[in-house]
Amino acid sequence: MSIEAVKSEPIHQPLLQLSDISKCFGGVTALNAVSLEIHRGTVHGLIGPNGAGKTTLFNVMTGLYQADKGDIHFAGKSLGRKVSPQTLARAGIARTFQNIRLFANMTALENVMVGQHCQTRTGLIGAILATPAARREEMAIRQEALRLLAYVGLETNAAQRLARNMSYGDQRRLEIARALALKPAVLALDEPAAGMNPSETAQLKQLIRRLHGDGMTIVLIEHDVGLMMQLCDRISVLDFGQKIAEGTPEEIRQHPEVIRAYLGSSDAAGKL
Ligand SMILES: Nc1ncnc2c1ncn2[C@@H]1O[C@H](COP(=O)(O)OP(=O)(O)O)[C@@H](O)[C@H]1O
Ligand SMILES: [Mg+2]
């Protein structure tokens, strides 16, 4: 998908549209005809109890799993049901994982540079021969990786640290920097605050606000409902593989079925 194609899309058309997505694992229906419209420049939240199907939806959205039924449209164009991760990454969807998946024995800088290497023009032969064009490209990639590390709030001296030696919060931010290296149109974050302490969570909140301010379209899975209420423009609620509600944070807060499904009792309304 070219930038021009994305820019010329009609204003009300969703950037990413999932239609009637179903996915079963053996006898388990992880997703049952779920439809979702993600609009450009919004933070769209996905909440629901454990096992509701949130990560499975991300896996379908990023091509890791293929849906049994349904269709994915990106910027108005059908990508069909059987989409590869490469197609979706090229279309502009990047993600982070609920269980961090960094290259543990590489430095922070290298982790981000790998993200960009997927997009180089000079290719492997150029890199091996260290042609001037390849060297220039390598320098540019390095500069961009350093910029992205700074953008997510990792200081310069973090660049040379091995990913496995970094704190949990820093590893999560590094994953976001690596996803941003793909220059995505949509950034999908699967529980980015999981395992973070309160100050790391506060920093993450600032980072997501900054990305939003810079026009990024974000799909966010997070258990911290308070955080979701503060960050999201719209929230969709999954329960047992079905979408049971969708709306603004305020609408979701008051939705009886959400209160019942997500928190187990109507007494729980105050917690939402
Ligand atoms: N690869 C898989 N193989 C078998 N079952 C799976 C797989 N991935 C997810 N599931 C099942 O699908 C359901 C939804 O899981 P998941 O999408 O991870 O939920 P959530 O992210 O909302 O906690 C669960 O019952 C889970 O056990
Ligand atoms: Mg999950």
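Just so you know, ligand 1 is whichever comes first in the structure, and atom 1 is the first atom listed for that ligand.
- By the 4.5 Å heavy-atom criterion applied to side chains, L148 and L154 are not counted as neighbours.
- Taking only nitrogen or oxygen atoms, main chain and side chain alike, Q98 does not reach within less than 3.5 Å of ligand 1.
- Side-chain atoms of D233 come within 3.5 Å of backbone N or O of V43 as a donor-acceptor pair.
- For ligand 1 and A52, the ligand atoms under 4.0 Å from any heavy atom of the residue are 19 (O), 20 (P), 22 (O).
- Within the 4.5 Å cutoff, side-chain heavy atoms of L211 are placed close to those of L180.
- Of all protein heavy atoms, the one lying nearest to atom 19 (O) of ligand 1 is G53 N, 3.2 Å.
- Atom 27 (O) of ligand 1 is not flagged as protein-proximal [any protein heavy atom, distance under 4.0 Å].
- For R161 (side chain) and N165 (main-chain N/O), a donor-acceptor pair under 3.5 Å exists by modelled atom type.
- For F25 and Y65, the ring centers are positioned less than 6.0 Å apart.
- Results of the side-chain contact (heavy atoms from CB on, under 4.5 Å) test with L102 over V114, N111, T96 single out N111 as the only residue that passes.
- For the Mg ion (ligand 2), the N/O/S atoms of Q98 include one lying under 2.8 Å.
- Closest protein heavy atom to atom 17 (O) of ligand 1: T56 OG1, 2.6 Å.
- Heavy atoms of Y65 come nearer than 4.0 angstrom to ligand 1 in at least one pair.
- Under 4.0 Å from ligand 1, heavy atoms of T55 appear from its side chain as well as its backbone.
- Per-atom contact check: atom 2 (C) of ligand 1 touches the protein, criterion being a heavy-atom distance below 4.0 Å.
- Within the coordination shell of the Mg ion (ligand 2), defined by N, O or S atoms under 2.8 Å, N50 is absent.
- When hydrogens are left out, the protein atom nearest atom 12 (O) of ligand 1 is A30 CB, 3.4 Å; that is the closest non-hydrogen contact.
- Remark: minimum distance from atom 14 (C) of ligand 1 to any protein heavy atom is reached at G51 O, 3.3 Å.
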request  = Evaluate the criterion side-chain hydrogen bond (donor to acceptor under 3.5 Å, both in side chains) for residue pair Q203 and R173; output intermediate values, then yes/no.
outcome  = CA-CA 10 Å; Q203 285 172 345; R173 282 192 286 185; 3.2 Å; yes

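- Just one of S78, S35, S19 meets the side-chain hydrogen bond (donor to acceptor under 3.5 Å, both in side chains) condition when paired with D71; it is S78.
- For ligand 1, the atoms sitting less than 4.0 Å from at least one non-hydrogen atom of N50 are 23 (O), numbered in the order shown with element in parentheses.
- The protein atom (non-hydrogen) at minimum distance from atom 6 (C) of ligand 1 is F25 CD1, 3.3 Å.
- A side-chain contact (heavy atoms from CB on, under 4.5 Å) with L15 is found for exactly one of H39, H44, R40, namely R40.
- The one candidate from L88, L182, L64, V186 that meets the side-chain contact (heavy atoms from CB on, under 4.5 Å) condition with R95 is L64.
- In the vicinity of V28, heavy-atom distances shorter than 4.0 Å reach the ligand 1 atoms 25 (O).
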